[in-house]
Amino acid sequence: MSACETCPAYEQLTRMGISMGRYDRVVALAGNPNTGKSTLFNALTGLKQHTGNWPGKTVARAEGGFEFRDVRFKLVDLPGTYSLMAASQDEEVARDFLLFARPDCTVVVTDATALERNLNLVLQVMEVTSRVVVCVNLIDEAERKGLRVDAGALSAELGVPVVLTSARSGRGLRELVETVCDVAEGKRTTTPVHAEPPPQIARVLDELAPLAALAAPDAENARWIAYRLLDGDHRVRQALAVGELAAGEEDGRESEARELIARADALRPTLGADFRDATVEALYRRAEDAASGAVRQRGSGRLRDLDQRIDRIVTSPVLGLPIMLGLLALVFWITVIGANVPSQMLAKVLFAAEAWGAGVFASLGSPEWLTGFLWHGVFRGLSWVVSVMLPPMAIFFPMFTLLEDLGYLPRVAFNLDWLFRKAGAHGKQSLTMAMGFGCNAAGIISTRIIDSPRERLIAILTNNFVPCNGRFPTLIMLATVFVAASVPAAVASFVAAGTVVGVVLLGIFFTLIVSWALSKTVLKGQPTAFTLELPPYRRPGVLRILYTSLIDRTAFVLWRAVVIAAPAGGLIWILGNVYAGDSSLAQIAAGWMDPFGKALGLDGVILLAYVIAIPANEIVVPTMLMVYAGLGMMTEPASYEALRTTLVVDHGWTIGTAVCLMLFSLLHNPCGTTIWTMWKETRSRKWTTIGALMPLGIAFGVTFIVASTFRAL
Amino acid sequence: MSGLWGIAVLVLLAAAWLLPRHGVAARLARWRDVRHRIRVEDALKHLLAAKQRNVAATAASVSGAVGIGASATTSLVEEMEREGLVQIRASALELTPDGREYALQVVRAHRLWERYLDDETDLPLTEIHLAADRAEHRLTVDQADRLDARLGHPHTDPHGDPIPTPEGRIAPFPGIPLTDLPEGEDAEVTHLEDEPPGVFQTIVHLGLTQGAHVQVVERRPGLIRLEVDGREVSLPAVAAANVHVGPVRRPAEAELGVIPLDRLRRGQDARVVRIDERIRGLTRRRLLDLGITPGTLIRPELEPLFGRPRAFRIRQTLVALRDEQAAGIQVRPLSADPGPAIEADEREAS
């Protein structure tokens, strides 16, 4: 039944795209992180979305739709959260949607293998809205472990409908949709149970609840509003003051709101400092009661033991490190080997297309500059980036996602946390770094898995120091042409590989050092809190991952190629073909930069290539060769020997140049896409600027020192 | 031709100087305004503190507190009088009601910021005061209100100083100075004076934090011997005046069999007793969210490569906790134990 993962065969279910013009009902999807919520979302809406086994990886907000019994439902995927007490942005988003958007039905997705913990959120959601359906997901995993969940008993305990599902296989989905439809349409009423707060809180709530009911007639649960006010919830306070929760009333119930707020402020000091603790305890007591009545453990729990045994191996001092390094090396090796042939094929096809296009234009009598600009500039830039980046990305990321889905990656963070802690960072940074090997922009997006603000910033600012897929060709070329050329042929490829590995290790070293420096200076005194959950191992949905990841990555590369690389290609063509006197603009610019370049152990052409390649690092080498050869378009070397001749013989490169260039390639500023992603993720000019210029500064400093050392020798 | 260049340069320089918001002159003016405001606020804080300690505030003391010379102080005080914030009576300075209100706002911002830094970041106590000194001038009243709400309306800052309410009420100074505590009487630290910084550092390094249990063992000239949370330390008398103590709020019952979580051996089951008060902010909420509430069953299950952090089984989930978090969770091991708890020195070695 695996085909049902993306297209379940429900006769009355029709799927629509993200942009739904008209809808009849709104359904919210809430739940703890790592409960398969995204899988459920995809299954219900048919959206292609990235899913993984890692807590906190859901996108901030996703919308989709489906139709059932002629009713059009809009489905909103809320961020995965542990609670609604609004301690983080994710929780605020979820709480705000439930309180203000008032969905017709809220589905709380829970993990059948950890029901007790999940019921904490269920109970909190039931405080805000009564139209709740509890979806007990991952029921197949639970059964494999010998757990049996009694949906009827749980439903009786909670007072709301409960549906058992396995979103991955489609099991239970029809019943879920039917239940949601019934609740949303008002055909089925619910009587959600409420956890009993401790007596002194209950007394205060008793007094405030009637006031809250008057001040916020739109809210379903006045007691909850009163509680949030006591807890210092600024958003609720604000909403009351401006009448957001009394939308139907003319005066917005403002005087009642003022009275409520004043009373709450007066009563709050009587509650003591830790009443929040007491509330959570009460919630968990209720959750324990409900879970114990509905969950039965049968069998020996053998699979739990298997999980534990795998964990011992994977985190053991002897095997842990080799396994990690081995897997990383395997992923790299498969990426490099696997991408080779497709890259060459893509290049052939695209360059043939370029030639054909240019030919057509020429035969139509188009002026040479137009043909050149469009086909040899813009199109070539596009095709270069696509042929270089697409195959490696399409291989690297699906493999990474597989490891993620399996549940292995949190163990890596667990293993390495000690090291990262010494650098003032979080163990999960090892994973964002690993993503950075594929693409630095993706690496920065992946820092969302780091909950703590300071550690997340450190991970964002240092992601650039691991070389991405776009920079590997430069490194490999330099290693092969220079380093390997000075050793006997037999060991040449090993030495080349070893050099690249050395550069990668250097990148990791710089990441740790800069992280440490940042945490001691600029990022000192930023909020920090460590969390790391180790979810159980799960069978990854291999086909589903390959499919969704492939689509994701291809789309991303194509978008980037069109939006960023194509214009860069056009610019390169202009620089290479517009002449002032008898030098092209490119040669003139290179001449300006030459003194500075030489000081860094490079030369003007290299610097020019890097300036132009800010949008996309893949085009550094072709641009360099274009200027060296005095040609008008980006060029590929005929062979490594020809390349060596050009660089060493014609333009005076030494081994020093190669070393400085490798260092510069590793350390220099992030590419345009990465900088833009940094901006989107931090929304801060300050951090984006630091993230862009700090690596450049380090690159200048390091290459200058190395170049001076070479000169002194 | 070079004349033209010269004129162009002059024009550019003039523009750079005179540009309305970004020009050098405009920036200088703004800087001076900010500096004046900061001095006013620092002076107001000083006057408020003097009033609370029943000490007279003079131009000389203001000059010392704000860090400016005598003539600058004179003009500052005169300016403040014109703004209706102070009254000059003989040689003493007094706050007007407006001045007191303004002063309380600044003090509130300062203490809220200290609370925020202590709860949410790992900045050490000795640096929090300095950071708050800078931040207090930047917080608007609205921002202070939001911070207050976000922190859960705390009553005191990390030093034990009461945080003024939005209406401008401030609780009385808690406790008596350590110099006045009779020998042999049990007390709890309620407040630590954060000025001067050198003395404050000494106090903190000796382990005197808010809530610590103290008992005076012996008084000697210039020195006081104390027992602090069970350890004996010697405190210079000048520092003792900066420590305030009050009656013990929670009697120090010997909690039988209760140990911090980080001393639990792998595979040893235990029940959570409580999360220490000193764990606050986002960290505390996350621990609660994960279900670490009194009575919860907890068991260390896994250690990684380097030994830390350890992973614990809580409510069927495996969660990794760092040492400082685990050290703040008190648990009671269940009997039928596979061996004693890990001792403190063993813990450091592992």
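Convention: sequence-line order gives letters A, B, ...; per-chain numbering from 1.
Residue A:R268 places its CZ atom among more than 12 non-hydrogen atoms of other residues, nucleotides or ligands, all under 6.0 Å distant.
Between chain B and the residues A:E281, A:E288, A:H234, A:R454, the most heavy-atom pairs under 4.5 angstrom are made by A:H234. Taking chain B as the reference chain and counting heavy-atom pairs below 4.5 Å, the highest number among A:L121, A:N120, A:T113, A:D265 is found for A:T113. Here A:G232 is the residue among A:G232, A:G320, A:S452 with the most heavy-atom pairs under 4.5 Å with chain B. Ranked by heavy-atom pairs under 4.5 Å with chain A, the first of B:L290, B:T296, B:L117 is B:L290. Contact tally against chain A (heavy-atom pairs below 4.5 Å) for B:D145, B:L151, B:L282, B:D148: the top residue is B:L282. Between chain A and the residues B:V319, B:I314, B:L321, B:D122, the largest count of heavy-atom pairs under 4.5 Å involves B:D122.
Residue contact with chain A, scored on non-hydrogen atoms closer than 4.5 Å, involves the backbone and the side chain of B:E301 alike. Proximity to chain A is limited to the side chain of B:R286, based on heavy atoms less than 4.5 angstrom apart. Residue contact with chain B, scored on non-hydrogen atoms closer than 4.5 Å, involves the backbone and the side chain of A:D277 alike. Interface residue B:L123: only side-chain heavy atoms are found under 4.5 Å from chain A. Within the 4.5 angstrom heavy-atom criterion, atoms from both the backbone and the side chain of B:L288 approach chain A. Only the side chain of B:R313 comes within contact range of chain A, with at least one heavy atom under 4.5 Å from a heavy atom of that chain. Proximity to chain A (any heavy atom under 4.5 Å) is shown, for B:I128, by neither the backbone nor the side chain. Residue B:A131 does not touch chain A at all, counting heavy-atom pairs closer than 4.5 Å.
Electrostatic pairing of A:D307 and A:R309 does not count as a salt bridge here, judged by no charged N lying under 4.0 Å from a carboxylate O. The pair B:R266-B:E303 counts as a salt bridge, with a side-chain nitrogen and a carboxylate oxygen less than 4.0 angstrom apart. Checked for salt-bridge contact, B:R115 and B:D119 meet the test: a charged N lies under 4.0 Å from a carboxylate O. Salt bridge A:E533/A:R117: present, at least one basic N to carboxylate O contact under 4.0 Å. Salt-bridge check for A:D231 with A:R276: passed, with a basic side-chain N closer than 4.0 Å to an acidic carboxylate O.
When only modelled atom types and interatomic distance are considered, A:Q429 and A:E455 share no side-chain donor-acceptor pair under 3.5 Å.
Distance alone, capped at 3.5 Å, is enough to place a donor-acceptor pair between the B:R315 side chain and the B:G291 backbone. At distances below 3.5 Å, not a single donor-acceptor pair connects side-chain atoms of A:T315 with backbone N or O atoms of B:P304.
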